[in-house]
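Worksheet: one structure, shown below.
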There are 2 protein chains.
Amino acid sequence: MAKLSERKKKILAAVIEEYIASAEPVGSKLLAEKAGLHVSSATIRSELSELTALGYLEQPHTSAGRVPTVLGYRLYVNELMQRPDLSREDADRINRSLGDPAQGQERMLDHAGRLAADMTDYPALTVCSQPPDTVRRLDLIYVDANTFIIVLLLGSGTVQNKLVHLPFSVEEAQLRKLGTVANANFCGVTEAEIDAERIRAAERAIDDRMGLTAVVAGFVIEILSRCHCARAAVSGGAKLLRQPEFQDPAKAHSLMDYLSDAGNLSGLSFTDAAGQDIRVLIGPENIAKELRDSSVILAKYDAGDGMQGLIGVVGPTRMDYSRVAAKLSYIAAGLSRALADSAGTALPGFGKLMLTDPDKKPGRP
Amino acid sequence: MAKLSERKKKILAAVIEEYIASAEPVGSKLLAEKAGLHVSSATIRSELSELTALGYLEQPHTSAGRVPTVLGYRLYVNELMQRPDLSREDADRINRSLGDPAQGQERMLDHAGRLAADMTDYPALTVCSQPPDTVRRLDLIYVDANTFIIVLLLGSGTVQNKLVHLPFSVEEAQLRKLGTVANANFCGVTEAEIDAERIRAAERAIDDRMGLTAVVAGFVIEILSRCHCARAAVSGGAKLLRQPEFQDPAKAHSLMDYLSDAGNLSGLSFTDAAGQDIRVLIGPENIAKELRDSSVILAKYDAGDGMQGLIGVVGPTRMDYSRVAAKLSYIAAGLSRALADSAGTALPGFGKLMLTDPDKKPGRP
DNA sequence: TGCTGGCACTCTTTTCTTCTGAGTGCTAAT
DNA sequence: ATTAGCACTCAGAAGAAAAGAGTGCCAGCA
């Protein structure tokens, strides 16, 4: 790929920025006035025609202005565009919005997604991958003769539980034994390692003839398998309809349908964001055919404990890459920070209580 | 409101059904052929013009066919339409889809919502109100010196938990004491009753100077307050775009935006479904202005323990009321059944295990 | 050699006009 | 009461013409 002259670059950038703003093919005259280089429209015309020959621009039809190609966008994103600084208000808004860490990870992600959608005016998606988890510790709480609770503390620090009703009765002592054995057998191992073999071993160890061990094992397996698949969510899907390229309901429908199935996103987008902090996928660079006419911008965030996730937006290829990238990376950073805070936070719930009764605040002296 | 002749009713019903199917104004000629009464189009024309005068129909313009008014739809829904029986496949599909109760309430609702959206081709909404809940039992699980888990068993049977990290250390014995006191003070009471007074009393009882009691209380309050507000969700929002009345992106956008904010729905729709099993809100009968041009059909379901919820769909006023009502009420019934099952189910997790290893199945002989 | 103004040409978009057809309301006859 | 017939209305389709935006190319100028 031959190096472009400075002027060509400047013109290309101007075309793209203009097109992003107006959604209409850009002509030489407009560029001559706006692009800041003091040459005539004829000169620009010849430059445009060369850029077109090189594949960075194209014409919808002979007598129309130029529109960026995917190659053009790519060059723009890689080399030409400069990330603008966030405005004071935007930065404030993000900080304020992600400021309160006392909400739990899921809510937080949801919140960040909405924020991203609102601030960029594109639908936002959040993906949170989880590495295969293990049980760190398992407790059985006796409720009554027919009922107990299983509580799992996972390696990642989250806690899961389930209330179990039995069609027969169990004694507390028996449950305690079960708990010990289950801890010994099901902790620290991956989902795959909990096989029938292991379960039977545990069963024999406490002479369990009623399948209690299997219940516990079943729950452990269910939880481990649920955790390790990535969770994805989309907010603000309706925002697509604002974009001129989605005025055609059929197009909008197909993309929105695709987005509304969270499963589609969880797998796909994650592998795409290998190295960088922010990743831009333009049009056909997307693997999913539903996204071939759109672009996706993804920012990586850190969810603590080595877990990481993505927050991003989907829009037409004519997307305001620089603005969105700036906002997303700021949001991702904020999210990482907030999640780190919330994981290590001491005395959660404190804030809320003080709110209820600020004067007589309980707590340490 | 004067009683309509049988023939007028038949014609009105025919107009509405035809309009529902075609989305286009219905003319006298078509009716003469299809409506099954053996009269000429001229006769029908005069009937139509009377129905128009009575306010059941209207004309978009002089030389167009007739379109139902809200009044017309209302009469149709109240008196004219007959709920068709579900086709065998549809009934099967619903039963199969809601058959597996081992998923947890939230997933189940979500699942039912998707099902409703898929089967009706309109966006579906689910609302689940919860009566104020109380803690039935509270456990604190000691993990290590700086960490413990709070487990709440609620009156409704759900279990909630939280992992707490402390900036100082606690002994196991101390935690046990705390558990006892917390059980004594925070169980069986509503959120409002857990005030600073009560918390301080508990604190004094175990000489808690580190605010541990407050942490536990904070969590209890958080959970109780979270449970008691209704949860709402929408699935298949994109399906709106298939309806001709939402070809205009602006219209679609405003409604979809409204729907995507779950808060809007939770409050509103619930109060509307007082008596009946199924409730139809046509156009301006909706309170929310965003729904004034649309209709909502709601079916009530029973979530066990006196809790109840709504499942419904949103669509244009030109909605296939009878078909949708039939499906929704079947789904609602199935959902009630499934939720009842899942609450009382014995040995959850069993099925899964057997699937993994059908030969060497563990369990009771 | 690089830039510019000028000009003919192309093609979309807009606007205006005309035409068509579905559907009505009325009337007179059965 | 019902029907056939007929004149009338009006939205939407189809077509023609005009407008406009932008290009490519060329000849002249620094």
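Numbers restart at 1 for each chain; the letters A, B, ... are given by sequence-line order, proteins then strands. Since this is a predicted model, take the numbers as computed values, not measurements. Only this structure's heavy atoms are used, side chains among them; waters, hydrogens and symmetry mates stay out.
Computed from coordinates, the A:Glu50 CD to D:dG24 P distance equals 11 Å when rounded to whole Å. Put simply, CZ on B:Arg7 is 8 Å from C1' on D:dA1, counting in whole angstrom units. In this structure, CD of B:Gln59 is placed 11 Å from P of D:dC10, rounded to the nearest angstrom. Atom-to-atom, CG of B:Leu48 to P of D:dT2 comes out at 14 Å; the value is rounded to the nearest Å. As a whole-Å value, the separation of B:Lys8 NZ from D:dA1 P is 11 Å.
Side-chain atoms of B:Arg323 do not come within 3.5 Å of backbone N or O of B:Pro84 as any donor-acceptor pair. A:Asp261 places no side-chain N or O within 3.5 Å of a backbone atom of A:Tyr258 that could act as its donor or acceptor partner.
Checking B:Ser41 against B:Pro60, the closest nucleotide of DNA chain D that is more toward the 5' end is the one next to B:Ser41. Residue B:Ala42 is the one, among B:Ala42 and B:His61, whose nearest nucleotide of DNA chain D lies closer to the 5' end (criterion: closest heavy atom).
For the residue pair B:Ser295 and B:Tyr73, no side-chain donor N or O sits within less than 3.5 Å of a side-chain acceptor on the partner. Side-chain contact annotation: B:Ser49 with B:Ser46, donor-acceptor N/O pair under 3.5 Å absent.
Taking every nucleotide of DNA chain C with any atom under 4.0 Å from a non-hydrogen atom of chain A, the first and last of them, 5' to 3', are C:dC3 to C:dT12.
Side chain B:Arg45 to base D:dG5: a donor-acceptor pair is found below 3.5 Å.
Surrounding NZ of B:Lys29 are at most 12 heavy atoms belonging to other residues, nucleotides or ligands under 6.0 Å away.
In this structure, A:Ala64 reaches the sugar-phosphate backbone alone: every heavy-atom distance under 4.0 Å involves primed, P, OP1 or OP2 atoms, never a base.
A distance of 5.5 Å separates CZ in A:Arg318 from CD in A:Gln243, rounded to the nearest 0.5 Å. The OH atom of A:Tyr56 sits 8.0 Å away from atom CG of A:Leu12, with the distance rounded to the nearest 0.5 Å.
A heavy atom lying under 4.0 Å from DNA chain C marks none of the residues of residues 23-30 of chain A.
Across D:dT3, D:dA21, D:dG24, the shortest atom-to-atom separation from the side chain of A:Ser63 is found for D:dA21. Listed candidates were D:dT9, D:dG24, D:dT3. Nearest to the side chain of B:Thr62 is D:dT9.
With respect to A:Leu48, the side-chain contact (heavy atoms from CB on, under 4.5 Å) criterion is satisfied by exactly one of A:Thr43, A:Leu31, A:Val26: A:Leu31.
Each ring-ring contact (aromatic ring centres under 6.0 Å, His included) pair with one or both residues in residues 32-51 of chain B, not counting sequence neighbours, would appear here, but there are none.
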